[in-house]
Structures are given as structure tokens and as C-alpha cells.
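Accompanying notes for the structure given below.
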Amino acid sequence: MSAHKMKKSINRLETEIYKLKAKGYLKKTSDSNDELIVELRGPKDTPFHNGLLTVSIVLPLDYPFKSPSIGFVSKIFHPNVDESSGSVCLDVLNQVWTPLYDLQTIVEVFIPQLLAYPNAMDPLNTKAAQMYLNDRDMYNKVAKEYVSKYSKEINREREDNSLSYSSSDLEFEAELV
């Protein structure tokens, strides 16, 4: 990679990391910014909705020209997520990646779509895939149990993706003012 191309990639990565921080997703980075730890709420109308899921994004040296590796730090029950390692099988990352995609797209679009629309025909977790195909109610129940056991649960009443204070916290703050 040329020095100019490398500098542009570094500037782009810094901008993308800043955007993740500004939106509250980014929780931690490695010293070299090659691994990011993000938290995101499971998508609405999925068994993951009440969970704040932790995801690792490992960036290759030639990012954005090569796709990052995605893995769940939070243990989840999902056909396309390996239960023991958390690694993710996601076609858009593995086969059709383009530098037009960015980290925010991964966090706000690709991961939520994976959670909402599993591909049980190409599983990493065959037990989850079989359950998803044959007993959707049981799949949803087990997935919710994993969220409850292995991720941070968040306020069930909130429908948006923000992670703000509960009303009792706001009342307490109002009393202090």
C-alpha cells in the first residue's frame, strides 16, 4: 500500500472510530485501533431486543479494502454465530465486502440484519438453526434466555436505540438541581 493510500486509510479509520464514539457504540479500542469493542441494542421485534450486546470488530491492516472480522463477546444463541467463539458468518463481510461500507454500517445495519434475519440454511450453530427452522417459539425463548444470562439487560419500555436514564434517575437529578 502506498504511503498516501495508507494515510487516507488511517484518517478514514479515525473518522469512523470518532463516529462510533459519538453515537455511544464504542466502548474500547486496542492501542493500535485494530480491535474495537462496541455495544449495541438487539433489534426491535427480535429475541435480542432487551439486550445490550457486546461485539468485537477486528480490523485487518488493509482496512477498508479488506473486511473486518466480527465476533460476539456476549454469548448469544443464533444460527449464524458460533456459540463457543462468538464468530459470525455474514456473507456481506466475507464475500461481497466493498470499501464503500464503514464501521457504522456494520454496527447499525449488518449486525442488526443478521440478528433479525438469520440464515438457518448456512449455520455455524446447527442446534440454533434446527430450532429456528422447526420450533420458532422455542428458538425465541432460548435466545431470550441467553440475552438475560449473558448480556446487559436494558430498559424494556424504551423503543428507541438510545440508552438514556430511566425516569426515576431523571427525577433524582431534578431534585438535585
Side-chain angles (χ1 to χ4, degrees), residues 16 19-20 23-30 34-60 63-64 66-164 166:
E16 289 185 36
K19 287 179 182 178
L20 290 179
K23 290 206 159 203
Y25 295 119
L26 188 64
K27 299 302 165 196
K28 186 174 139 186
T29 62
S30 63
D34 63 345
E35 182 180 18
L36 312 174
I37 302 296
V38 298
E39 287 183 340
L40 64 144
R41 182 178 189 151
K44 188 176 177 183
D45 299 326
T46 72
F48 310 102
H49 182 63
N50 290 322
L52 189 60
L53 306 171
T54 306
V55 177
S56 167
I57 302 173
V58 178
L59 302 168
Y63 176 83
K66 297 280 186 193
S67 67
S69 297
I70 307 297
F72 280 86
V73 177
S74 304
K75 191 172 182 176
I76 71 167
F77 189 74
H78 188 283
N80 307 112
V81 179
D82 183 80
E83 189 171 356
S84 59
S85 70
S87 63
V88 173
C89 178
L90 188 58
D91 287 345
V92 73
L93 291 177
N94 300 327
Q95 297 168 5
V96 294
W97 178 261
T98 171
L100 296 174
Y101 299 139
D102 63 8
L103 296 172
Q104 189 172 337
T105 303
I106 291 169
V107 172
E108 292 183 345
V109 179
F110 296 157
I111 295 172
Q113 283 182 348
L114 172 78
L115 293 172
Y117 307 106
N119 179 359
M121 302 311 287
D122 185 21
L124 284 176
N125 182 334
T126 54
K127 183 178 177 183
Q130 287 301 315
M131 201 177 287
Y132 182 82
L133 291 170
N134 299 320
D135 190 347
R136 189 72 55 90
D137 289 338
M138 181 57 78
Y139 166 79
N140 288 334
K141 181 180 182 220
V142 173
K144 285 177 184 178
E145 287 172 0
Y146 272 58
V147 167
S148 179
K149 188 173 182 179
Y150 299 111
S151 69
K152 297 176 189 173
E153 284 197 89
I154 51 181
N155 188 340
R156 295 173 189 264
E157 285 76 45
R158 292 200 57 89
E159 292 302 322
D160 61 22
N161 214 18
S162 66
L163 302 172
S164 61
S166 69

- request: Start with the C-alpha gap between Ile106 and Tyr101, add the side-chain angles, then the distance that decides, and say whether side chain to side chain contact (heavy atoms under 4.5 Å, CB included) holds.
  value: CA-CA 8 Å; Ile106 291 169; Tyr101 299 139; 5.6 Å; no

task: Walk me through it: do Lys27 and Thr54 pass the test side chain to side chain contact (heavy atoms under 4.5 Å, CB included)?
output: CA-CA 9 Å; Lys27 299 302 165 196; Thr54 306; over 6 Å; no

Side chain to side chain contact (heavy atoms under 4.5 Å, CB included) between Asn80 and Tyr132, intermediate numbers included: CA-CA 11 Å; Asn80 307 112; Tyr132 182 82; over 6 Å; no

task: Start with the C-alpha gap between Lys28 and Val38, add the side-chain angles, then the distance that decides, and say whether side chain to side chain contact (heavy atoms under 4.5 Å, CB included) holds.
output: CA-CA 7 Å; Lys28 186 174 139 186; Val38 298; over 6 Å; no

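Under the rule for a salt bridge (charged side-chain N to carboxylate O under 4.0 Å, His left out), Lys19 has no partner lying at least two apart in sequence or in another chain.
A donor-acceptor pair is defined here as one N or O able to donate and one able to accept, closer than 3.5 Å; no such pair exists between the side chain of Trp97 and the backbone of Pro68. A donor-acceptor contact shorter than 3.5 Å is absent between the side chain of Ser74 and the backbone of Leu53. The backbone N or O of Asp82 sits nowhere less than 3.5 Å from a side-chain atom of Ser87 that would complete a donor-acceptor pair. Ser30 places a side-chain N or O within 3.5 Å of a backbone atom of Asp34 that can act as its donor or acceptor partner.
The line from CD1 of Ile70 to SG of Cys89 is 12.5 Å long, rounded to the nearest 0.5 Å. Taking CD of Glu16 as the reference point, atom CG of Leu36 lies at 9.5 Å (rounded to 0.5 Å). Of the inter-residue distances, the one linking Lys75 atom NZ with Ser151 atom OG reads 13.0 Å to the nearest 0.5 angstrom. Distance check: Thr29 OG1 to Ile37 CD1 gives 9.5 Å after rounding to the nearest 0.5 Å.
Using a 30° and 60° split on the angle between ring planes, His78 and Phe48 fall in the tilted class, from 30° to 60°.
Within 6.0 Å of NZ on Lys144 lie no more than 12 heavy atoms contributed by other residues, nucleotides or ligands.
Between Phe77 and Tyr146, the shortest heavy-atom contact is N-CD2, 3.6 Å.
At least one side-chain heavy atom of Phe110 sits less than 4.5 Å from a side-chain heavy atom of Thr105. Val107 places none of its side-chain heavy atoms less than 4.5 Å from the side chain of Val55.
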Atom pairs and distances, donor-acceptor, side-chain atoms in residues 111-129, under 3.5 Å, two or more places apart:
{"from": "Asn119", "atom 1": "OD1", "to": "Met121", "atom 2": "N", "distance (Å)": "3.1"}
{"from": "Asn125", "atom 1": "OD1", "to": "Lys127", "atom 2": "N", "distance (Å)": "3.2"}
{"from": "Asn125", "atom 1": "OD1", "to": "Ala128", "atom 2": "N", "distance (Å)": "2.9"}

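A donor-acceptor contact under 3.5 angstrom links the side chains of Glu108 and Tyr25, judged on distance only.
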